[in-house]
There are 2 protein chains.
Amino acid sequence: MPATYREIKADILGRITRGEWRPGSAIPGEAELAAAYGSARATVNRAMRELAEEGILERRRKAGTRVRLSPLREARFAIPPVREEIEARGAAYGYALIESAVLPAPDWLCARLGLPAGARVRHVACLHLADGAPYQHEDRWISLALLPQAAAADFSASGPTEWLIAQIPFSEVEIAIAAAAADPALAARLGCAPGEALLVIERATRWNGAAVTFVRLAHRPGHRMTTRY
Amino acid sequence: MPATYREIKADILGRITRGEWRPGSAIPGEAELAAAYGSARATVNRAMRELAEEGILERRRKAGTRVRLSPLREARFAIPPVREEIEARGAAYGYALIESAVLPAPDWLCARLGLPAGARVRHVACLHLADGAPYQHEDRWISLALLPQAAAADFSASGPTEWLIAQIPFSEVEIAIAAAAADPALAARLGCAPGEALLVIERATRWNGAAVTFVRLAHRPGHRMTTRY
DNA sequence: GAGTGGTCTAGACCACGCC
DNA sequence: GCGTGGTCTAGACCACTCG
């Protein structure tokens, strides 16, 4: 009887699925299960810990472990670079720069990122294409206070995202997903009708608490983000 | 020097943030780091394993550990029961049943869930309210093949979600997020203008491979899903 | 106060994959 | 082949929290 932590995980999950251990009820403690599986407590611990991270179990010291009542589970969406996303669909990636300028940050951006009024930013609007058709519109704002070299960066051949990855090693990110109607300018760029519903992802990136960049990614109509669990 | 796995994690992250260990480059092996931190290899292993799960590091046997080039990171969105979501915003939860019927599954539903043509389903349309105002519209379909008791369930006082949680202990879920324009009927229910862009979440739930339920959740205009990492 | 999970250690064996 | 990560063990101490 090998009893790896994966097997123990699967077994626990099986008992829950089969209804042997019902939502809300307590399940045996680590020590007891370790004895039952004939394994070390650390092994059972890893199995149960991962199930708790996945939202299946709920653990509290002294109180023990129970099956979660409402599966407080979370959906995980991979947010790969657009290029990879497009190529993963078997389409050819294309890129087109639309607008590029250095200017004072608009008020809404200052509010969103906590920038001082009048802070200078690099603004870039560009389009990511799949087999030549518009796939995603990128509206990018980069703080020149933190990344002065962004003023001179050349975004005519490739997008700001790839450039940014090379500049900032690691960062804190805040993501929002919403639906928005296409305004006339955006509709023209994406090749859709004005007012069409678009899936929009906004991402604010900070580095050591200071705002680095903000991006608004608008997808072509009908775009879906999917995941399983 | 305690050197817990959290401290080691933070230290490794710090070295990456500070640029000491650059994206794409290899970092020392577990044994070497364990010696440097004065801790056991298992402790360093946990720190590095979690960083790899979070998409910061990339690990391969024999090849060693490197800092990921493009942070292949994923956004995690909590999908709590609507009631909790509304109450977490400090609003009073309200519920209203709109439609309820037992009928043969429409073609699109059969295709989506892999149901046989003409399979009977329970359909429920209802509204979740925050402080009396429409917050989310729920369009729910339940397979009577798997849950015959759904035909008689009473959804006049509380929604199908809570009822379902008690019926299905654990399940596989497929989630999709998209933007859609409000059709006239939906607009009337949500109290918005027809054609407005809505954030829509669709969830198909299976149990041992068989389709149990499908739900389409349409949020009031302006709704955002947010997360950090 | 006492029980349960959270974590660490020291040692070991193994499997995967570069070379 | 052989080095690196992946995992398991047996034992220990600790911290949180429930009763």
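Every chain is numbered from 1, with letters handed out A, B, ... down the list of sequences.
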- Message: At 10 degrees resolution, what angle do the end axes of the helix from C:dG1-D:dC18 to C:dC18-D:dG1 form when each is taken over five base pairs?
- Response: 20°
Between the protein and nucleotides 16-19 of chain C, which nitrogen or oxygen pairs come in under 3.5 angstrom?
from: C:dC18; atom 1: OP1; to: B:Arg60; atom 2: NE; distance (Å): 2.9

- Would you mind classifying the nucleic acid contact of B:Ala31 as base, sugar-phosphate or nothing, using non-hydrogen atoms under 4.0 angstrom? nothing
Residues which pass salt bridge (Lys or Arg N to Asp or Glu O under 4.0 Å) with [X], listed by chain and number, not counting sequence neighbours:
X	result
A:Glu202	A:Arg112, A:Arg216, B:Arg224
B:Arg122	none
A:Arg41	A:Glu30

- Task: State whether the number of non-hydrogen atoms from other residues, nucleotides or ligands found under 6.0 Å of B:Arg89 atom CZ is greater than 12.
- Result: yes
With sequence neighbours excluded, tell me which residues meet side-chain contact (heavy atoms from CB on, under 4.5 Å) with [X].
X	value
A:Glu32	A:Pro28
B:Ala130	B:Ile86, B:Ala91, B:Tyr135
B:Ala111	none

- Query: Taking the nucleotide of DNA chain D with the closest heavy atom to each, which residue, A:Arg41 or A:Tyr5, is nearer the 5' end?
  - Reply: A:Tyr5
- Task: Taking side chain to side chain donor-acceptor pair (under 3.5 Å) as the test, write out the residues that go with B:Thr65, two or more places apart.
- Result: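 Partners of B:Thr65 under the side chain to side chain donor-acceptor pair (under 3.5 Å) test: B:Arg59.
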